[in-house]
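Every chain is numbered from 1 and lettered A, B, ... according to where its sequence line falls, protein lines coming before strand lines. Computed from a prediction, not measured in an experiment: that's the story for all the values here. Reckoned from all heavy atoms, side chains included, excluding hydrogens, waters and symmetry mates.
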Number of protein chains: 4
Amino acid sequence: MQSRSSAPRTGRPRSVEADEAILAATRAALVDLGWSGLTLGDVATRAGVAKTTLYRRWAGKNELVVDAVAALFDELELPDRGTLAADIEGVVLQFAAILARPEARSGLLAVLAESTRDDALRERIRTSVVDRQKRLVLEGRARAQARGELPPESDPSTADRTVNLIFDMVAGAVVHRTLVSAEPVDEPWARSFTRVLLLGLPAAASHP
Amino acid sequence: MQSRSSAPRTGRPRSVEADEAILAATRAALVDLGWSGLTLGDVATRAGVAKTTLYRRWAGKNELVVDAVAALFDELELPDRGTLAADIEGVVLQFAAILARPEARSGLLAVLAESTRDDALRERIRTSVVDRQKRLVLEGRARAQARGELPPESDPSTADRTVNLIFDMVAGAVVHRTLVSAEPVDEPWARSFTRVLLLGLPAAASHP
Amino acid sequence: MQSRSSAPRTGRPRSVEADEAILAATRAALVDLGWSGLTLGDVATRAGVAKTTLYRRWAGKNELVVDAVAALFDELELPDRGTLAADIEGVVLQFAAILARPEARSGLLAVLAESTRDDALRERIRTSVVDRQKRLVLEGRARAQARGELPPESDPSTADRTVNLIFDMVAGAVVHRTLVSAEPVDEPWARSFTRVLLLGLPAAASHP
Amino acid sequence: MQSRSSAPRTGRPRSVEADEAILAATRAALVDLGWSGLTLGDVATRAGVAKTTLYRRWAGKNELVVDAVAALFDELELPDRGTLAADIEGVVLQFAAILARPEARSGLLAVLAESTRDDALRERIRTSVVDRQKRLVLEGRARAQARGELPPESDPSTADRTVNLIFDMVAGAVVHRTLVSAEPVDEPWARSFTRVLLLGLPAAASHP
DNA sequence: GCATAAACGAGACGGTACGTCAGGTCTTGAA
DNA sequence: TTCAAGACCTGACGTACCGTCTCGTTTATGC
């Protein structure tokens with residue numbers, strides 16, 4: 001959002017309710033209208049706020065939606081389910097549940113589309129959304145290593161690359177299944193996916 | 001696009017050059033301006049065509065861009081490289097090369113974003129883009145089975161689900177790496193990805 | 001309309017029904033839609049004719065409407081009612097009856113408006129509509145002179161100017177009353193008008 | 001124009017310069033392009049104003065042109081020239097001078113043409129243009145009665161009808177001469193017209 | 001009687017203007 | 001200084017007509 005540690009200590013202070021009202025209104029508008037139908041004027045009206053107030057805080061539609069959507073992903077957690085496979089299945093289902101919500105579906109992809117031409121926006125997304133979820137992979141790996149399901153990493157840079165790879169594989173598969181193939185990510189799918197991820201394609205294919 | 005099997009054989013026929021000129025102009029505009037900067041008026045001007053001609057053929061920006069982008073993916077092939085691993089690496093790199101082109105990057109995601117609220121558009125994407133590439137998975141599997149790298153499928157419905165799963169995993173990982181993580185899909189990455197996909201995460205992690 | 005004295009003696013001859021069908025359709029469209037709502041495409045459809053056929057005969061909306069409206073005024077006559085006053089009243093009422101028809105109202109004024117910037121159109125209107133009605137003034141004067149109600153003209157050029165003046169006064173007053181003031185031209189008004197025209201304002205005002 | 005007695009006292013007030021700039025631009029565009037060539041987009045550009053600003057104030061071309069043209073007629077006056085005949089001649093020439101201006105010519109007729117199908121527009125014209133000039137007839141009559149050139153009116157309703165009649169006769173004749181016959185209203189014509197109006201047709205014809 | 005040539009219907013074409021809408025900025029007066 | 005309100009400029013939207021241009025078809029004449 002906006003950091004202003006350097007205090008503007010004079011004049012009327014900014015309304016603190018306004019910020020959350022705007023984000024909530026943005027999410028509501030995303031549900032009702034989708035990304036392309038979302039209007040900053042409409043968001044302002046829903047939030048009971050003037051357009052000026054909105055622009056004083058965010059630079060435009062993209063930035064606003066990133067912030068509105070980012071919060072959704074913060075609820076992801078990795079409860080210890082005892083095995084690596086169960087942990088993966090759990091986080092896959094959690095992630096899919098978030099992507100099933102209409103405010104996330106179109107908002108996320110649209111903002112990603114914009115980010116392909118706007119480096120600042122990409123950075124914002126990376127910080128606000130993507131990188132914050134990599135903790136799940138790290139945590140899962142550490143837990144699996146403690147359980148002996150995975151070997152301790154030898155080379156730190158290799159280990160880092162592997163984290164990114166796994167993150168892309170898990171997140172990518174869930175996003176693709178949900179938003180591109182438009183099929184539900186249910187328990188059977190999560191189980192099959194985990195099986196392939198852990199055992200490899202030939203082993204997973206040999207016995208269902 | 002538009003099926004015209006039922007022939008309106010009267011009146012001046014539609015210009016056949018116009019269709020391709022418009023699609024080419026669309027791709028060019030995507031490169032120059034990206035999705036959000038793309039204007040149908042501008043596309044028409046670039047194509048040397050009136051805006052009405054464009055609207056006579058496509059309902060709007062989304063439909064036009066789907067058609068313009070879909071053609072890009074038709075060049076994907078699966079040359080026989082001798083092993084399943086090599087085949088996968090090859091197609092991953094091809095796919096990534098297409099996604100690296102600017103006319104594909106923002107266009108594809110944006111259209112996917114819209115499709116989350118527009119069933120007709122989703123269906124159009126599925127037929128024009130997604131389903132047409134599943135052939136690669138089918139072909140690769142058949143070849144691997146012939147080589148003995150994969151067992152023959154037992155149950156056809158299970159086999160079908162597996163095709164979809166693998167497709168989501170491969171395409172999803174590449175898309176996520178390229179467009180979300182915004183990192184290059186190069187040969188090392190392709191090799192690592194294939195290794196995990198074929199051997200499973202623990203085996204792949206144990207020895208680099 | 002269009003002169004075809006120079007004969008194109010070969011090829012398919014122009015449909016004679018088309019001409020009248022188009023003019024009739026134009027008048028019908030004027031009634032339904034008024035000048036500004038009238039489209040040549042609609043006229044063509046109403047006439048059961050292709051747009052090309054229409055443009056082969058008329059250069060545009062203005063020319064077409066002039067021809068369509070001009071015919072309406074040809075039905076004006078000057079039956080001998082015995083006195084100059086009665087003759088004037090009669091023609092005033094006839095003229096007003098024509099102007100009361102919706103196909104004449106907006107069509108005539110609109111075409112006149114265009115004619116203020118288009119000399120060819122003005123000439124066409126003058127020939128097709130205006131000058132053809134001056135005969136009424138000439139006929140009425142001749143009849144009144146025969147009856148001894150008006151003196152024989154002394155100077156031909158003065159006489160000519162007077163014809164134009166009277167024409168402007170009669171036509172102008174009726175048009176203004178009908179289309180600008182938007183009040184009906186009924187018998188009492190025609191009587192009052194004729195009284196002022198023949199006796200002069202003071203005499204007409206003194207005794208009703 | 002638009003009544004704003006009911007005050008929206010909040011928000012940014014409407015620019016007062018814009019109103020007059022738009023009307024002036026409209027008159028200029030009428031001179032350059034005529035009614036049919038006049039574009040609201042062009043008017044906006046000339047006025048240095050956005051199209052939306054224009055549409056916020058006027059519903060369309062017709063309403064705008066009525067307002068732009070109406071002001072032209074407000075400069076009509078009736079200076080006392082000593083006799084009724086001289087007064088009439090004076091006002092006839094003034095009126096003709098206005099109608100000779102290109103911004104009045106096509107604009108006025110075109111708007112009248114539209115008014116034949118649009119009651120609201122007709123009412124607007126009546127109040128903005130027509131009725132405001134009837135004062136000249138009333139004033140002229142009062143002055144002539146004071147001079148003894150006209151008898152005092154006996155019946156008020158008859159007198160009222162006569163005012164309307166004379167107004168239609170004077171305005172109609174000048175409009176018809178100027179815009180339909182497309183001949184100049186010069187002093188000789190004004191003199192002849194006044195002669196017929198005051199003495200009646202036979203008397204005026206007998207001696208030039 | 002059969003070729004020629006123009007007219008015909010249909011409808012696509014390049015244009016231009018329309019009137020609306022959203023984005024983002026600016027100007028009020030009140031808090 | 002912020003706020004709500006709303007006017008402002010900009011520029012794209014999708015539609016409607018314009019007048020022109022192919023098409024394939026029809027219809028009188030003239031060789």
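For the pair C:R27 and C:E20, the salt-bridge criterion is met [side-chain N within less than 4.0 Å of a carboxylate O]. No salt bridge links B:R14 with B:D19; every basic N to acidic carboxylate O contact stays at or beyond 4.0 Å. Salt bridge D:D67/D:R57: absent, no basic N to carboxylate O contact under 4.0 Å. The pair B:R122-B:D118 does not meet the salt-bridge criterion, since no charged nitrogen lies less than 4.0 angstrom from a carboxylate oxygen.
If you find the closest nucleotide of DNA chain E to A:A59 and to C:T52, the one lying nearer the 5' end belongs to C:T52. Comparing A:A50 and B:K61 by the nucleotide of DNA chain F that holds the closest heavy atom to each, the one mapping nearer the 5' end is A:A50. Across the interface with DNA chain F, nearest-nucleotide mapping of B:G60 and C:G41 shows B:G60 to be the residue nearer the 5′ end. Judged by closest nucleotide on DNA chain E, C:S15 is the one of D:L40 and C:S15 placed further toward the 5' end.
Look at OH on B:Y55: it is 8 Å from C1' on F:dA12, rounded to the nearest Å. Rounded to whole angstrom, the span from the CG atom of A:D19 across to the P atom of F:dT2 amounts to 13 Å. As rounded to whole Å, 9 Å separates atom P of E:dA22 from atom CG of A:D42. One atom, CD of A:E63, and another, C1' of E:dG24, lie 13 Å apart when rounded to the nearest Å. One can place CG of A:L33 at 10 Å from P of E:dA22, the figure rounded to the nearest angstrom. Atom CH2 in D:W35 sits about 15 Å away from atom P in E:dA17, given to the nearest Å. Atom CH2 of A:W58 and atom C1' of E:dG24 are 16 Å apart (whole Å). For the pair B:E17 CD and E:dC13 P, the computed distance is 10 Å after rounding to whole Å.
Of the candidate nucleotides E:dG23, E:dA12, F:dG6, E:dG23 has the atom lying nearest to any side-chain atom of A:T39. Taking only side-chain atoms of D:K51, from C-beta outward, the nucleotide of E:dT20, F:dC18, E:dC8 with the closest atom is E:dT20.
Residue-level contact check: A:L54 touches neither bases nor backbone, having no heavy atom under 4.0 Å from any strand. Within the nucleic acid shown, D:G48 comes within 4.0 Å of sugar-phosphate atoms alone, with no base atom in reach, counting heavy atoms only.
Taking only side-chain nitrogens and oxygens, C:T53 comes nearer than 4.0 Å to OP1 or OP2 of E:dG9. Contact annotation: A:R57 side-chain N/O to F:dC3 OP1/OP2 distance is under 4.0 Å. Listed pair C:R14 / E:dA7 meets the phosphate criterion, a side-chain N or O lying under 4.0 Å from OP1 or OP2. Distances shorter than 4.0 Å separate some side-chain N or O of A:R56 from OP1 or OP2 on F:dC3.
Donor-acceptor pairing under 3.5 Å, judged by distance alone, is absent between the side chain of C:R12 and the base of E:dC8.
In this structure, B:E63 has no salt bridge (charged side-chain N to carboxylate O under 4.0 Å, His left out) partners at least two apart in sequence or on a different chain.
Formation of a donor-acceptor pair under 3.5 Å by the D:R117 side chain with backbone atoms of C:L33 is found in this model.
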